[in-house]
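First listed ligand is number 1; within each ligand, the first listed atom is number 1. Hydrogens, waters and symmetry mates play no part in the numbers below; they use all other heavy atoms, side chains included.
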Amino acid sequence: MKTTSLNGIWEFCFTKDYTETPLFNSMITVPGCFDVMPGKFGKRGCGHYRRKVFTNGGKIMLTFDGCGVHAAFYWDGVQIGKTVLAYNREELIFDSGDAGEHELMVVTDNFLSQEPSEQFKFFYDFYAFGGIYSDVYLTEFEPEDIRHLAVIPLDHTTGEVKIQVECFEKNPETLKIAFDNGAEEEIPFASEFVKKVPAFKVWSPETPALHTLTVNGKSVSFGIRTLDWSGKRLLLNGKEIKLIGCNRHESHPEFGPATPENLILTDLTAIKEQGFNFVRGSHYPQKEFTLEICDRIGLLVWEEALGWGNHEPELTDPGFCDNEAEQCRRMVRKSINHPSVIIWGFLNEAETNKESVRPLIKRLRDTIREQDQSRPVTFASNRPAKDCCMDLVDILSLNIYPGWYDQIDCDPDGTTLIRPEFEKFAEQFKDVSKPMIVSEIGAAAIYGDHSGYRWSEEYQTDLLKTVVNAILDMDRYSGVALWLFCDANTYVGTGHYLGRPRGFNNKGMLTEHRKPKMSWYKLHELLIERGVVQ
Ligand code: ADA
């Protein structure tokens with residue numbers, strides 16, 4: 001099996017719709033969004049990406065790790081697939097024809113439609129960029145090559161792991177297995193079996209030890225750690241853990257979601273060095289590179305399928321439901337080996353106060369559990385007081401904005417609303433034997449506003465410090481993901497409450513160009529004072 005990256009320079013053309021003939025008179029890099037380019041910023045239309053690919057002939061697999069809003073894929077002019085699942089992995093297996101040079105073309109648009117079945121809606125509070133924004137690669141394989149290898153840790157005290165093997169077309173007679181490039185063991189083929197990792201080390205945020213498993217030449221990296229959410233506390237490797245972290249969008253004004261690796265590494269390292277142990281990948285499946293870094297630096301991740309504020313008509317639409325379930329399936333399959341991923345999520349802030357939505361929530365939970373029972377499943381609810389679906393999932397996750405959206409006439413000090421709100425939910429859920437976390441909370445701050453009022457760096461600082469202190473003080477809460485790591489592109493004028501000055505969600509602790517606001521520094525000091533960071 002041979003995997004080759006198809007990232008790099010591709011021929012490119014932008015057209016305003018599908019009727020215009022593409023001229024391919026310019027170039028673009030892959031990954032690369034087209035609507036961050038000069039002259040195309042903010043435009044809706046189609047990006048046509050084209051390049052030559054050399055193969056040895058026969059069946060191949062092309063993998064696209066994120067493009068959209070919609071995309072169609074062509075090989076030598078023939079359509080080989082299409083997707084409506086932005087941010088999700090697409091694997092296309094087909095006969096590439098004779099050995100030699102071929103043409104690969106991707107046509108991807110950033111049109112937002114009002115169709116209920118659409119996954120990326122016009123009202124989402126983050127900008128829908130267009131293009132191929134993640135890695136593309138080619139895999140040339142033999143029928144018996146291994147397509148997918150999953151390693152699921154079972155016991156952090158014995159190093160036992162469950163291994164699942166899936167081949168491309170045919171199962172080989174035997175499997176040659178080695179851990180950490182050590183001695184090879186040959187066993188009869190099995191699609192699932194249990195092994196003990198020799199001389200294993202436990203993965204944790206403090207000691208993010210990784211292992212490698214190689215089976216018939218295919219290698220994957222994994223970590224040994226276990227999670228327990230059977231009571232009110234979340235346990236990592238048998239010990240209670242408090243998640244203190246933030247939400248992060250894979251976004252930058254100059255790159256959209258085609259964030260360069262250097263930026264991802266810098267963001268995640270900054271989050272870790274801040275003293276946070278947790279990042280919620282809002283609101284879509286995460287890039288491989290992002291998760292690889294989280295594995296390596298020991299940052300715990302909540303990964304979720306794309307969704308935002310979806311309403312009953314979509315949540316009961318068969319097309320939307322099938323797509324959301326397919327997203328959940330692909331997300332788990334893609335990320336199963338990452339020890340950093342400790343929570344699976346979906347459908348941020350859906351209308352989960354409607355009974356009619358329960359079948360979908362149950363379906364998504366079951367889709368995830370069918371593939372992985374080693375991690376808890378949740379969704380972030382912005383209506384916890386009247387939510388009727390939270391009993392279906394493993395963690396109670398609250399998106400609440402006391403001191404910002406709620407009781408907005410409470411000036412001068414909305415921060416006094418935080419603890420009472422936390423106490424209210426602690427009381428509401430006191431008999432529910434599930435961990436509870438605040439999955440979003442925050443306040444916007446315009447960089448440089450030092451008025452002390454709402455929108456100032458001071459107000460944001462006070463609010464976030466109050467939140468972190470309360471979460472650290474209150475036993476009922478297993479953690480918080482502050483909203484938001486850095487300011488991120490969204491829309492002005494789409495009716496978002498209180499508006500979105502500059503076309504950004506300004507609740508970042510850093511600006512969109514990663515300049516820290518006051519809250520970033522002050523929270524670090526607080527985490528030192530509270531003994532969270534040494
Ligand atoms: C919600 C939502 C976020 C963001 C936030 C806000 O909680 O989940 O994506 O829109 O509100 O800034 O209002």
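- In this structure, Y401 is part of the shell of residues with a heavy atom less than 4.0 angstrom from ligand 1.
- Ligand 1 is approached by Y405 to a heavy-atom distance shorter than 4.0 Å.
- Checked against the 6.0 Å centroid criterion, the rings of F429 and Y477 do not qualify as a close aromatic pair.
- Aromatic pair W344/H338: ring centres not closer than 6.0 Å.
- The six-membered or imidazole ring of F129 lies away from that of Y133, with a centre-to-centre distance of 6.0 Å or more.
- Residue contacts with ligand 1 for W483 involve side-chain atoms from C-beta outward but no N, CA, C or O (heavy atoms, distance under 4.0 Å).
- Under the 4.0 angstrom criterion for non-hydrogen atoms, N382 is not in contact with ligand 1.
- Taking the six-membered ring where the residue is Trp, F123 and W308 present tilted rings, their angle falling between 30° and 60°.
- Side-chain contact between F320 and E118 is absent, with no heavy atoms from C-beta onward closer than 4.5 Å.
- Using 4.0 Å as the threshold, W308 has a heavy atom nearer than that to some atom of ligand 1.
- The heavy-atom pair separating P285 from K334 by the smallest distance is CB-CE, 4.3 Å.
- Atoms of ligand 1 lying under 4.0 Å from any heavy atom of H283, numbered from 1 in the order shown and given with element: 3 (C), 8 (O), 9 (O).
- Using the six-membered ring where Trp is involved, W483 and H249 have ring planes that are perpendicular, over 60° apart on the 30 and 60° scheme.
- Counting atoms of ligand 1 from 1 in the listed order, those under 4.0 Å from a heavy atom of N399 are 7 (O), 8 (O).
- Less than 4.0 angstrom separates some heavy atom of D125 from each of these atoms of ligand 1: 4 (C), 6 (C), 10 (O), 12 (O).
- Nearest-heavy-atom check against atom 1 (C) of ligand 1 across H249, E349, K507, R280 picks out E349.
- For ligand 1, the atoms lying closer than 4.0 Å to a non-hydrogen atom of N348 are 2 (C), 8 (O).
- Looking only at side-chain heavy atoms (C-beta outward), V136 and V106 stay at 4.5 Å or farther from each other.
- Looking at R500 against ligand 1, only its side chain comes within 4.0 Å, counting heavy atoms.
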